Number of protein chains: 2
Amino acid sequence: MTPVTRDVETRVLDAAKLCTAKWGIAKVTIDDIAGEAGVSRATLYRMFPGGKDVMFDALRVRELEDFFTRVGTHVDGHDDLESLLIRIVGVATRELRDDQHLSLMLASEPGDTLSQLTVEGLPRIMRVATVFLVPMVDHYLPRRESVQLVELLARLVISYFLAPSEHVDFADADSAREFLRTFVLPAFHASLTRS
Amino acid sequence: MTPVTRDVETRVLDAAKLCTAKWGIAKVTIDDIAGEAGVSRATLYRMFPGGKDVMFDALRVRELEDFFTRVGTHVDGHDDLESLLIRIVGVATRELRDDQHLSLMLASEPGDTLSQLTVEGLPRIMRVATVFLVPMVDHYLPRRESVQLVELLARLVISYFLAPSEHVDFADADSAREFLRTFVLPAFHASLTRS
DNA sequence: AGACACTAAGACGCTTTGCGTCTCAGTGTC
DNA sequence: GACACTGAGACGCAAAGCGTCTTAGTGTCT
């Protein structure tokens with residue numbers, strides 16, 4: 001894909017995001033998105049062979065990459081695993097809470113949005129989370145355990161975001177520390193390569 | 001139609017208004033409206049034989065009646081034609097400007113909305129305006145001239161609302177008075193039955 | 001209990017819209 | 001000229017939407 005086409009793809013995905021926010025997944029059409037992006041439908045299908053579903057998957061991947069990029073930007077410079085994890089769950093939780101597009105989607109299309117955060121979307125979330133977070137975590141743990149830990153954290157952050165708890169708030173460092181010390185870190189203590 | 005059914009019709013028209021604001025005329029479906037109103041599609045068709053178009057016409061008539069009722073509420077107690085007309089054009093212009101649903105429709109569906117304020121909608125607007133305003137105007141003018149005057153005013157108010165002028169502002173009493181004295185009242189001076 | 005009015009749910013047949021694919025003419029770059 | 005890319009529009013098919021209708025259920029009245 002040439003640089004020019006990369007720009008067009010960005011424009012199309014931006015348009016897809018905008019139109020989905022406006023119309024929702026159910027009513028948005030390829031025509032809406034093509035028009036908003038300023039490309040023809042044929043161009044859109046050339047770009048995303050397989051059509052609508054493929055394009056939405058690409059948008060979801062891009063959104064995830066943006067999300068984890070933002071998380072990664074805020075979790076540099078930690079000296080130990082615990083601090084790193086506290087920071088990760090905190091930033092991730094705050095990013096989820098601040099995501100207006102996500103809030104809008106959860107309000108207007110709860111079914112599909114929940115599915116993308118749970119059942120259907122989890123494999124993708126795991127793939128992207130692994131790419132972004134494992135390289136940080138594996139300073140402290142072997143690769144295999146790092147992957148497992150990232151998966152566990154992703155699931156917990158999503159769950160506590162979707163159904164907030166009266167007892168745990170990952171956005172609060174003390175609460176997160178207590179939770180991690182109780183439920184997560186002991187399982188990985190024996191695998192620590194560095195503190 | 002029974003009182004209970006009148007309530008249901010109101011509910012359906014309210015739903016139609018809400019869903020049209022949300023989806024626009026192009027994408028809104030009978031299913032959306034029926035669901036929002038809490039009735040079945042069959043009930044909706046029974047209520048509005050001829051379907052979607054008939055229902056939207058009914059909504060437009062209701063909106064016009066509401067509009068002119070509000071105008072009428074604010075123009076009582078005038079001793080002469082000029083004052084009455086100044087008040088009418090002023091209130092009407094302000095009501096149009098304050099109408100958020102109309103603003104939303106003009107922004108999101110300019111084509112259809114304009115058409116309903118001009119070409120396609122004008123006969124209906126004239127009918128309703130005549131019903132509401134002519135009884136006020138014909139204190140001062142014979143019936144025939146009253147009807148003609150109301151039509152002229154309606155057209156002028158709409159035009160100046162849709163394409164505001166640098167020289168005339170009907171919401172401003174002095175501006176309206178000057179305009180009416182210059183362009184409207186002389187045409188009806190000879191027909192005055194009362195001052 | 002029976003008569004009647006009204007309703008929701010769902011089926012039906014038809015029309016319209018949307019989808020994915022494709023062709024062709026036009027444009028820009030080398 | 002060769003090539004890559006694009007928009008516009010046509011095509012065939014699927015899906016959604018429309019208007020109509022039937023049936024079973026509910027409520028009210030006598």
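None of the values given here were measured: they were computed from a predicted structure. Just so it is clear: chains get the letters A, B, ... in the order the sequence lines come, proteins before strands, and each one is counted from 1.
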What is the separation between atom CZ on Phe56(A) and atom C1' on dG18(C), rounded to the nearest whole Å?
13 Å

Looking only at the side chain of Arg41(B) (C-beta and beyond, no hydrogens), which of the listed nucleotides dA9(C), dT20(D), dC19(C) gets closest?
dT20(D)

CD1 of Ile33(A) versus P of dG18(C): gap in Å, rounded?
12 Å

Roughly, in whole Å, what's the span from CD1 in Ile30(A) to P in dC19(C)?
6 Å

Just how far, in rounded Å, is P of dG9(D) from CG of Asp31(A)?
12 Å

Can you find a donor-acceptor N/O pair under 3.5 angstrom joining the side chain of Arg46(A) to the base of dT23(C)?
yes

Do Asp172(B) and Arg94(B) meet the salt-bridge criterion of a basic N to acidic O distance under 4.0 Å?
no

Under 4.0 Å from OP1 or OP2 of dT21(C): is there any side-chain N or O of Tyr45(A) that close?
no

Hey, can you tell me if Phe179(B) and Phe170(B) have their rings parallel, tilted or perpendicular (30° and 60° cut-offs)?
perpendicular

Rounded distance (Å) that lies between atom P of dG10(C) and atom CG of Leu44(B)
17 Å

Report the distance from atom CH2 of Trp23(B) to atom P of dG17(D), rounded to the nearest whole Å.
10 Å

Starting at CZ of Phe48(B) and ending at C1' of dT20(D), how long is that distance when rounded to a whole Å?
17 Å

Report the distance from atom CZ of Arg70(A) to atom CG of Asp98(A), rounding to the nearest 0.5 Å.
9.0 Å

On DNA chain D, compare the nucleotides closest to Ser40(A) and Lys27(A); which residue's is nearer the 5' end?
Ser40(A)

Grab the CZ-P distance between Arg11(B) and dT7(C) for me, whole Å please.
10 Å

Taking dC21(D), dC18(D), dG20(C) as options, the one with an atom nearest any side-chain atom of Lys52(B) is dC18(D)

NZ/NE/NH1/NH2 to OD/OE distance under 4.0 Å, Asp57(B) and Arg60(B)
yes

